[in-house]
Amino acid sequence: MEILYLALALVALGLFTAILGWFSFRKHGDEPTVQPSSSCATCTGEDEKCEQECMLEAAVREIEYFDDEELDTFANRPSDGYTDDEVEQFAEVLHTMKQDEVASWCRSLHLRQIALPDQLKDEVFMLIG
């Protein structure tokens, strides 16, 4: 008798799930699926998925340099551990690039394990955002 109740409960659950799925399909089935038309050049930092996908994409490509090879000496340094002269080296590179290159430059620094100096972060976020 218990097996009969269990079987009926499973059948009822299956029917309920099928009906719920049918209503859901009818409600959303007519709406076209819209694929976002973003690229890594348009990532603003607000969409974590975009940033993650771009970081993965960048990780499999060669690192892009922005005439800033001298910054490689700062790899593995904390962002609050730069002197004013060292921050000026970063600022010189930043101020010579186009605004739409800043996000790519930040990705390049990240892949090279170079922390952006704290003193420049506000300016960089303004340029990117």
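If you're wondering where the values come from, they're calculated on a predicted model, not measured in any experiment. Counting begins at 1 with the first residue of the sequence.
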List the atom of [X], the atom of [Y], and the distance in Å for their closest heavy-atom pair.
| X | Y | value |
| --- | --- | --- |
| Ala91 | Leu120 | N-CD1, 3.7 Å |
| Pro117 | Val87 | CB-CG2, 3.8 Å |
| Ala115 | Pro78 | CB-C, 4.3 Å |

Answer whether the closest heavy-atom distance between the side chains of [X] and [Y] falls below 4.5 Å.
| X | Y | value |
| --- | --- | --- |
| Gln89 | Asp68 | no |
| Leu94 | Val124 | yes |
| Arg107 | Glu64 | no |
| Phe90 | Gln119 | no |

Just by distance, do the side chain of [X] and the backbone of [Y] share a donor-acceptor pair under 3.5 Å?
| X | Y | value |
| --- | --- | --- |
| Glu101 | Lys98 | yes |
| Thr96 | Glu92 | yes |
| Glu86 | Thr83 | yes |
| Gln99 | Leu127 | yes |
| His110 | Cys106 | no |

With rounding to the nearest 0.5 Å, note down the distance linking CD1 in Ile114 to OG in Ser79.
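Those atoms lie 13.0 Å apart.
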Nearest 0.5 angstrom please: Asp72 CG to Arg112 CZ, how far?
4.5 Å
Quick one, Phe66 with Val102, criterion side-chain contact (heavy atoms from CB on, under 4.5 Å). Give me CA distance, side-chain angles, the key distance, then yes/no.
CA-CA 10 Å; Phe66 293 84; Val102 176; over 6 Å; no
With a 4.0 Å cut-off on N to O distance, would you call Lys121 and Asp80 a salt bridge?
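Here Lys121 does not pair with Asp80 in a salt bridge, since their nearest N and O are not under 4.0 Å apart.
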Donor on one side chain, acceptor on other, Asp118 and Tyr82, under 3.5 Å:
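Not at all, the side chains of Asp118 and Tyr82 share no donor-acceptor pair under 3.5 Å.
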Are more than 12 heavy atoms from other residues, nucleotides or ligands located less than 6.0 Å from atom CZ of Phe125?
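No, because the 6.0 Å sphere around CZ of Phe125 holds 12 heavy atoms or fewer from other groups.
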Begin from the C-alpha positions of Val93 and Asp67 and carry the test side-chain contact (heavy atoms from CB on, under 4.5 Å) through to its verdict.
CA-CA 8 Å; Val93 174; Asp67 197 22; over 6 Å; no
Apply side-chain contact (heavy atoms from CB on, under 4.5 Å) to Leu109 and Phe74, showing your working.
CA-CA 10 Å; Leu109 292 176; Phe74 301 121; over 6 Å; no
